[in-house]
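So you know, we letter chains A, B, ... as the sequences are listed, proteins then strands, and number each from 1.
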2 protein chains.
Amino acid sequence: MDKRLHNHTTALPLRTTIQMIASELKLTPATVSRALNNHPRISAETKQLVNETAERLQYKRNRIALSLRTGKSHTIGVILPSISMNFFGSIVHGIELLASEYGYHTLIYQSEETTDLEIKAIEAFMGARVDGILASLAKGTTDFSHYVDLQKKHIPLVLFDRSNDSLHIPSVVIDDRKGGYLATKHLIDQGYRAIAHLAGPGHFQTFRNRLEGYKDALRESELPFSSDYVFTGDLSIASGRDAADYFLGLHQPPDAVFAVEDFSALGLVKRCKERGIQIPEEMGIIGFANEGFDEHITPTLSSMDQQTVQMGREAFKMLLTLIENRKADHHPELPKIILDPVPVFRESSTRMKTNLSTAPNHPTRTKAVTDQTNIHSI
Amino acid sequence: MDKRLHNHTTALPLRTTIQMIASELKLTPATVSRALNNHPRISAETKQLVNETAERLQYKRNRIALSLRTGKSHTIGVILPSISMNFFGSIVHGIELLASEYGYHTLIYQSEETTDLEIKAIEAFMGARVDGILASLAKGTTDFSHYVDLQKKHIPLVLFDRSNDSLHIPSVVIDDRKGGYLATKHLIDQGYRAIAHLAGPGHFQTFRNRLEGYKDALRESELPFSSDYVFTGDLSIASGRDAADYFLGLHQPPDAVFAVEDFSALGLVKRCKERGIQIPEEMGIIGFANEGFDEHITPTLSSMDQQTVQMGREAFKMLLTLIENRKADHHPELPKIILDPVPVFRESSTRMKTNLSTAPNHPTRTKAVTDQTNIHSI
DNA sequence: CTGAAAGCGCTAACAT
DNA sequence: ATGTTAGCGCTTTCAG
């Protein structure tokens, strides 16, 4: 009562509470609360009055008190390998778009591809009493017990992009097998016949599925599959370089490579250029992810767009459903959404001029096709 | 008392509270709290006991209750234009590194370069009762009243990278003038004599300073300054293309351009290549920011590294100081940290072979030099 | 239609 | 060294 009665008319250092606006209007906090929440049994004039003074006093509902009272933090936690991978940054964007629309806050932690930081993130989220968690597995993670523990505690959890079917955790992924198939099929259509695959770590469903898609396409076109044509990398530029050296050192080097993601593909491109191999003439290359640099390098890199923004949206939607149905824990079926990848063919894989865009100077990223993607629930 | 007495030994759906571990040990919540916080006047054995059962019951301190009680949310808000700009992603990383070390959570909002979303972010932060805010100005922002309001309310606020001196808000920036000077000086050293500048929006101190640095270097070498050689863009690839067309259309086209940041520079590079201009032979180009794509395009793009991770760290440190000294509001002086940018010379500006790296195949990003940067407080 | 009272989980005086 | 009490700001029975 003694400290700050002098209103300098500019300074307003006390954050205004429901109490304040109640006493200002000679009402009860309860009434003010109800008015603010548009409770049916509150007179229109009271609501009017309350809202006006709330506005005037710049009242902002204290989410902390709200959370303590209701037991819902209206905050979700997001774990992703690295925010500086354009791909994940874009998914985050999709998540946040919907989240803020639904009044949710988003806590983001980067695992930097390590299990250790995943665990730290989860602990932070538990302390923050997040209502649910979205996660994309770190590539260093092989022991998933920290995620299984979340399931046991009935914390809503949805995996996106990098998932693992054996975990039986709800997930939003793209159809990697189809993506692998489409990418490989494209190379075949472009006249390549000795097509290799630069694969990713085998403990990811994601990368195994892309490999399967690759095989599907070969089989369909009756091209032989050879394990010599599969090099397993670790999703880095360096391993792309290594793969290039390996493939070019073979007795019968391939004339095209489908790389499991764009950084590997970039390594391939760089090493091929260094060794004087012409792309796409002597070597066709296609990646996966549609990273930001794809359209800026020379030659521009073909890739498979993973519908990142939509993936983020779908992941949040699924999580929200889990959060809302938490009490009714009758697991009806394992929710799983599979998005279709969208091919983005650029120079690195296009040696048939007829297929080139008519305006090669301005290769635009495929973004508008979002609505065409199929969503099938399993 | 009726709902969940059946422990399925696996499921543990009730989040354990201080109360629970108190009754388990026949102690008071207060004592448990003290023990957990390592209060001096608590017996060692009690602490031991409490910590053990806390561990066993997987107790996690409820930050929400803590925040309500103490009035400190231990959360900061971060506003940045776009998380998918590698540059900002990297700063966020620096912020989070220190923040999590100090037990702070980080709420991130993207302004997408609009004032509107900046305001939304601030409102969200006020609701979340963040202890302080870090922000980098959106390029669309010319009215800064929402930030000034924060100052009036004594909400700790630190601007990073994109600041504005006239606002008198604490900030962490790099020495843009020096950066502009070094970039231009480098072009001069490489033998370029007709050096143009692709500038950024004039309402940013940041970009005006880079322009000043450009002028400094010209003056030092007694090269004439001409406003014809300054093209003002909007930090986009498109404006880089426009600039290229403008410069090449001049009576006496420049033989080099210092671009205010890398996306503009990329546009320049692309358009020059399309028009058959040889880089770096006929046209030297250097950008600013050291974006991720710089070392992947052809030719690789010279740039000025902005010490992003360190900038993030410094910004958080400064904010923390403000938060801790909030009550003692004797503004001693306006805190301001100016980091030195680090030149990263690559192919796009290097036409004197002697200056080329000895291992051009593996151009590494300059990262280890962090410790050499000067920090001077004003 | 509004008021009174309790309580979410925690900490910090103020006891003892 | 530990217990008692009160309260952070809000919502929500239960009463009028």
| request: Run the salt-bridge test on A:K120 and A:E112 with the 4.0 Å N-O cut-off and return the result as yes or no. | output: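 Result for this pair is no, no salt bridge flagged.
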| Residues B:R162 and B:E113 bridged, charged N to O under 4.0 Å |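 Salt bridge flag = yes for B:E113 with B:R162.
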| field | Ring geometry between B:Y109 and A:H105 (parallel below 30°, tilted from 30 to 60°, perpendicular above 60°) | value |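 Judged by the thresholds at 30° and 60°, the geometry between A:H105 and B:Y109 is perpendicular.
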| task | Fit a plane to each ring of B:F88 and B:F160, take the angle between them on a 0 to 90° scale, and name the class: parallel (under 30°), tilted (30 to 60°) or perpendicular (over 60°). | result |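 Perpendicular: the ring planes of B:F88 and B:F160 meet at over 60°.
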| task | Could you identify which residues of residues 42-53 of chain B place a heavy atom less than 4.0 Å from some atom of DNA chain D, listed by residue number, or say none? | result |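 Those residues are B:I42, B:S43, B:T46.
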| For residues 32-41 of chain A, which residues have at least one heavy atom under 4.0 Å from DNA chain D? |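 Correct list: A:S33, A:R34, A:N37.
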| request: Please lay out, stage by stage, how A:T141 and A:T115 fare under the test side chain to side chain donor-acceptor pair (under 3.5 Å). | output: CA-CA 5 Å; A:T141 297; A:T115 308; 3.1 Å; yes
Check the distance between [N]'s [atom2] and [X]'s [atom1] and give it to me in whole angstrom.
X      : N      : atom1 : atom2 : result
B:L25  : D:dA1  : CG    : P     : 17 Å
B:Q19  : D:dT5  : CD    : C1'   : 13 Å
B:K60  : C:dG9  : NZ    : P     : 16 Å
A:R129 : C:dG9  : CZ    : P     : 8 Å
B:R15  : C:dC10 : CZ    : C1'   : 16 Å
B:I18  : C:dC8  : CD1   : C1'   : 14 Å
A:M20  : D:dC8  : CE    : P     : 10 Å

| message | Side chains of B:Y147 and B:E118 only: does a donor on one sit below 3.5 Å from an acceptor on the other? | response |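 There is such a pair between these side chains.
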| field | Any side-chain donor near an acceptor of the partner, A:T114 and A:S111, under 3.5 Å | value |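 There is no such pair (donor and acceptor under 3.5 Å, judged by atom type) between the side chains of A:T114 and A:S111.
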| query | DNA chain D: A:T70 or B:P29, which has the more 5' nearest nucleotide? | reply |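 The residue whose closest nucleotide sits nearer the 5' end is B:P29.
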| Taking for each residue the nucleotide of DNA chain D bearing the nearest heavy atom, is the 5' side occupied by A:L68 or by B:K26? |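 That would be B:K26.
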Listed pairs under 3.5 Å, donor-acceptor, residues 24-31 of chain B side chains, sequence neighbours left out:
{"unit_1": "B:E24", "atom_1": "OE2", "unit_2": "B:R56", "atom_2": "NH2", "d": "3.2"}

| task | Go through D:dG9, D:dT4, C:dG9 for me and flag the one nearest to the B:T28 side chain. | result |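 Of the candidates, D:dT4 comes closest.
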| query | Counting side-chain heavy atoms from C-beta on, which of C:dA12, C:dC10, D:dG9 comes nearest to B:N62? | reply |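 Given the options C:dA12, C:dC10, D:dG9, the side chain of B:N62 is closest to C:dC10.
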| Looking only at side-chain N and O atoms, does A:Y59 come under 4.0 Å of OP1 or OP2 in D:dC10? |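 Yes, because at least one side-chain N or O of A:Y59 sits under 4.0 Å from OP1 or OP2 of D:dC10.
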| Quick one: is C:dG3 close enough that its OP1 or OP2 comes under 4.0 Å of any side-chain N or O from A:T31? |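 It does, given that an N or O in the side chain of A:T31 lies less than 4.0 Å from OP1 or OP2 of C:dG3.
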| message | Checking the side chain of B:T53 only, and the main-chain atoms of B:V50 only, is there a donor and an acceptor separated by less than 3.5 Å? | response |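 It does hold such a pair.
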